[in-house]
Amino acid sequence: MARANEEVEALLQEYADLVAITGGDAFKARAYEKAARAIGGHPADISHLDADGLRDIPNVGRSIAEKVIEYLRTGTVAVVEERRAKIPAGVRELITIPTLGPKKAMRLYEDLHISSVSELAAAIEADALADLKGFGEKTQENILHGIRLMQQAGGRIPIHLALDTAEEIVAELSQVTGCKRCTYAGSLRRMRETIGDIDILVAAKRSAPFMEALETLPSTAEVIAHGEKKTSIRTTKGVQVDLRVLPPDSWGAGLQYFTGSKAHNIRTRTIAVRPGLKLSEYGLFDTGSGESVASRSEEEVYARLGLPWIPPTLREDRGEIQAAVRGELPEVVTERDVRGDLHTHTDLTDGLASLEAMVEAAAERGYAYYAVTDHAPNLYMQRMTDEKILAQREELRALDGAHHGMRLLHGTELNISAEGDVDWPGAFLVGFDLCVASLHSHFDLDRRAMTRRLVRACENPHVNIIGHPTTRLIGKRPGVDADWDEVFAACARTGTALEINAQPDRLDLCDEDILRARQHGVKFAVNTDAHSVLHLAHLRYGVATAQRGWLTADDVINTWPLRRLRRFLAKDGSG
DNA sequence: GCCGTTTTCGGCCCGACTGTTTTCAGTCG
């Protein structure tokens with residue numbers, strides 16, 4: 001993804017927030033939000049576009065195009081700077097607290113001069129909000145709860161941001177003379193859903209050129225520590241990056257060591273002890289002679305311990321070592337196994353790209369099939385109608401097979417009501433090739449009602465996949481409360497797949513839920529829920545999550561040949 | 001601020017929930 005697109009997206013979103021906070025025209029704020037999203041999701045690099053080219057992007061008009069040009073030329077936009085001068089950055093941070101929007105943020109700032117999340121938390125603790133209009137007891141409670149949720153993320157960053165940063169740095173350091181190997185390790189290589197800091201490893205004889213290269217990158221804001229073996233920096237986005245340079249002969253041992261997890265490493269080191277070996281980041285050594293017996297590659301190190309190579313996504317000490325010893329490691333699903341995406345949107349509802357553009361992009365990924373699943377009518381803001389979705393079906397049928405023979409499936413994303421019903425009657429639903437059904441409201445039902453609701457959705461003969469099942473947003477919203485074992489059992493019983501939603505802020509189901517669901521014999525669908533062409537590439541995060549849940553290709557319905565998938569979708573027991 | 005037109009102005013993502021201001025503003029999906 002072009003960096004300029006992301007920068008401009010962030011800038012326009014910031015301006016939209018500032019307009020909303022300062023009480024500007026709500027439609028103006030929304031116009032900037034829409035433009036931000038459109039530019040962020042635009043497949044081409046905007047830094048090569050002129051004003052006319054920019055205006056060809058939907059929701060970008062003359063005024064915004066001018067501001068983008070101003071930004072690309074000078075690095076700033078005057079009107080944004082003006083608003084920034086009026087509103088401290090911390091005030092904008094306030095609206096990231098769930099249940100706290102621009103109006104309340106502005107009141108807190110104007111009346112109490114609160115301009116950071118920590119100040120707000122302190123003010124509530126000190127009962128300083130008592131006389132403030134609109135901040136009753138319950139509101140304060142909700143805000144504190146929201147702050148706690150944010151703090152639980154604990155400064156960890158979402159995986160996709162970490163991966164983008166890491167890949168850029170790896171690309172840079174790989175160019176440095178003397179670089180034998182370079183990659184990222186740590187929780188990022190294990191593809192955990194959030195990342196604390198980024199570990200980069202280099203294999204080279206001399207470390208200094210790499211340390212210097214890292215310190216002088218344009219994205220480096222601060223050098224935290226500088227040494228011969230390890231250097232730590234903080235990027236302009238506030239992410240800590242640790243670089244370690246290893247002797248080329250230690251590459252495998254170092255990679256294994258720095259990939260972790262800590263618990264996995266403790267187990268591997270313990271295994272080494274019995275045959276008289278010692279495992280460190282420099283190699284596997286014979287305790288008696290001190291001689292290295294393996295270190296060049298991870299495969300070699302694991303093999304010398306009597307283990308097969310273990311995929312990084314499994315290295316969490318969740319039984320992978322024991323499984324490896326027994327020769328029962330799962331052959332985890334890979335991105336290459338996935339034959340199609342079964343949950344995607346177009347600009348008929350809230351997607352950014354046309355049906356044709358999405359289909360073309362999907363075909364370029366080499367998919368054998370692809371489902372379009374726009375929102376159904378009960379998500380009122382999307383204004384779906386029978387006519388619109390049927391017209392889309394016609395359009396889709398006309399495109400079917402036109403791109404590298406990729407087959408198109410017409411679907412929809414239904415809304416599961418509080419009672420567990422979905423949008424259309426069965427007679428209409430039967431016309432779809434597949435139906436995803438998801439929760440979009442009523443997240444706070446009690447456990448029994450929520451469980452019943454989800455089970456009822458599974459029992460609907462037209463519902464094939466439960467989309468983003470827990471509806472959590474990482475660092476923002478916890479998943480809904482349900483008796484998941486009962487839901488998983490219902491999925492297995494009814495032939496309803498559970499989605500592994502690959503959006504990096506969802507990753508829903510999460511790895512641990514997948515492990516549990518798998519015990520019930522549930523099948524899964526790894527879907528991107530793409531709202532733009534670029535989102536199709538988020539599949540990697542969903543696949544990694546599936547791997548962390550120990551899934552094989554056989555567990556994942558969208559790795560299956562179309563014929564087998566269709567039998568599953570028929571939901572009549574033949575799948 | 002964007003868009004489409006009924007072309008320079010009026011509509012734009014609608015409806016529900018929540019808490020509180022007891023008649024509705026703020027937030028969310």
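Heavy-atom basis, side chains included; hydrogens, waters and symmetry copies ignored. Lettering of chains follows the sequences in order, A, B, ..., and the numbering in each one begins at 1.
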Checklist entry - Any side-chain N or O of A:N142 less than 4.0 Å from the OP1 or OP2 oxygen of B:dG19? => result yes

Item to check | A:N558 (side chain) donor-acceptor with A:V526 (main chain) under 3.5 angstrom | outcome: yes

Next on the checklist: Below 30° counts as parallel, above 60° as perpendicular, anything between as tilted: where do the rings of A:H375 and A:H440 land?
Outcome noted: perpendicular

Next on the checklist: Need one value for A:D444: base, sugar-phosphate or nothing, where a base atom within 4.0 Å counts as base even if backbone is also close, heavy atoms only.
Outcome noted: sugar-phosphate

Checklist entry - What is the distance, rounded to the nearest whole Å, between atom NE2 of A:H345 and atom P of B:dG29? => result 15 Å

Checklist entry - When you measure from the side chain of A:D433 to the backbone N and O of A:H410, does any donor-acceptor pair fall under 3.5 Å? => result yes

Next on the checklist: Can you work out whether A:L439 or A:R62 has the more 5'-proximal nearest nucleotide on DNA chain B?
Outcome noted: A:R62

Item to check | Parallel, tilted or perpendicular, as decided by the 30° and 60° cut-offs, for the rings of A:W424 and A:F428 | outcome: tilted

Checklist outcome for this item: Side-chain contact check for A:K103: nearest option of B:dG26, B:dT20, B:dG29 is B:dG26

Checklist entry - Over how many whole Å does the gap from A:I416 atom CD1 to B:dA16 atom P extend? => result 19 Å

Checklist entry - Below 4.0 angstrom from OP1 or OP2 of B:dC17, is there any side-chain N or O of A:H442? => result yes

Item to check | Nearest to side-chain heavy atoms of A:K104, which nucleotide of B:dC3, B:dG26, B:dG29 | outcome: B:dG26

Checklist entry - Rounded to whole angstroms, how far apart are CD on A:E66 and P on B:dG1? => result 10 Å

Item to check | Listed nucleotide nearest any side-chain atom of A:K67, set B:dG29, B:dG1, B:dG26 | outcome: B:dG1

Item to check | Short side-chain N/O contact from A:S441 to OP1 or OP2 of B:dG15, under 4.0 Å | outcome: no

Checklist entry - When the distance from CZ of A:R107 to P of B:dT20 is rounded to whole Å, what number comes out? => result 13 Å

Checklist entry - Counting any heavy atom closer than 4.0 Å, what does A:V60 reach on the DNA or RNA strands: base, sugar-phosphate only, or nothing? => result sugar-phosphate

Next on the checklist: Taking B:dT8 as the reference, what is the distance to B:dG1 when you measure between their C1' atoms (whole Å, please)?
Outcome noted: 15 Å

Checklist entry - In whole angstroms, how far is the C1' atom of B:dT18 from the NE2 atom of A:H145? => result 15 Å

Next on the checklist: Does the plane of the ring in A:H535 sit parallel, tilted or perpendicular to the ring in A:H538? Use 30° and 60° as the thresholds.
Outcome noted: parallel

Item to check | Distance, P atom - from B:dT22 to B:dC13, rounded to whole angstrom | outcome: 33 Å

Next on the checklist: Output the rounded distance in Å from NE2 (A:H531) to C1' (B:dG29).
Outcome noted: 11 Å

Next on the checklist: Just the rounded figure in Å: distance from P of B:dT20 to CG of A:L132.
Outcome noted: 12 Å

Checklist entry - Does A:D483 come within less than 4.0 Å of A:R447, counting only side-chain N to carboxylate O? => result no

Checklist entry - B:dT27, B:dG1, B:dG29: which one has an atom nearest the side-chain heavy atoms of A:A31? => result B:dG1

Next on the checklist: Taking the cut-offs as 6.0 angstrom to the six-membered ring centre and 45 degrees off its axis, would you call A:R516 and A:F488 a cation-pi pair?
Outcome noted: no

Checklist entry - DNA chain B: A:G136 or A:L100, which has the more 5' nearest nucleotide? => result A:G136

Item to check | Anti versus syn assignment for B:dT8, with syn defined as within 90° of 0 | outcome: syn

Item to check | B:dT20 and B:dT27, which share atom name P, separated by this distance in whole Å | outcome: 13 Å

Checklist entry - Is there a Watson-Crick or G-U wobble partner for B:dT8 with both distances under 3.5 Å, and if so, which one is it? => result none

Checklist entry - If you measure from the C1' atom in B:dG11 to the same atom in B:dT6, how many Å do you get, rounded? => result 12 Å

Next on the checklist: Does B:dC28 have its OP1 or OP2 closer than 4.0 Å to a side-chain nitrogen or oxygen of A:R477?
Outcome noted: no

Checklist entry - Which whole-number value in Å describes the distance from A:I64 CD1 to B:dC3 P? => result 8 Å

Checklist entry - With a non-hydrogen cut-off below 4.0 angstrom, is A:G101 in contact with a base, only sugar-phosphate, or nothing? => result sugar-phosphate

What's touching nucleotides 10-13 of chain B from the protein side, N or O pairs under 3.5 Å?
{"residue": "B:dC13", "atom": "O4'", "partner": "A:M381", "partner atom": "O", "Å": "3.3"}
{"residue": "B:dC13", "atom": "O2", "partner": "A:M381", "partner atom": "O", "Å": "2.8"}

Item to check | Backbone N/O of A:Y369 and side chain of A:R339: donor-acceptor pair under 3.5 Å | outcome: no

Item to check | Whole-angstrom distance between B:dT21 and B:dG26, as gauged at atom C1' | outcome: 12 Å

Checklist entry - Pick one: which of A:R92, A:R84, A:R30 meets salt bridge (charged side-chain N to carboxylate O under 4.0 Å, His left out) with A:D17? => result A:R92

Next on the checklist: Taking only the C1' atom of each, what is the distance from B:dC12 to B:dC17 in whole angstrom?
Outcome noted: 23 Å

Checklist entry - Considering only side-chain heavy atoms of A:P102, which listed nucleotide, B:dT27, B:dG1, B:dC2, is closest? => result B:dT27

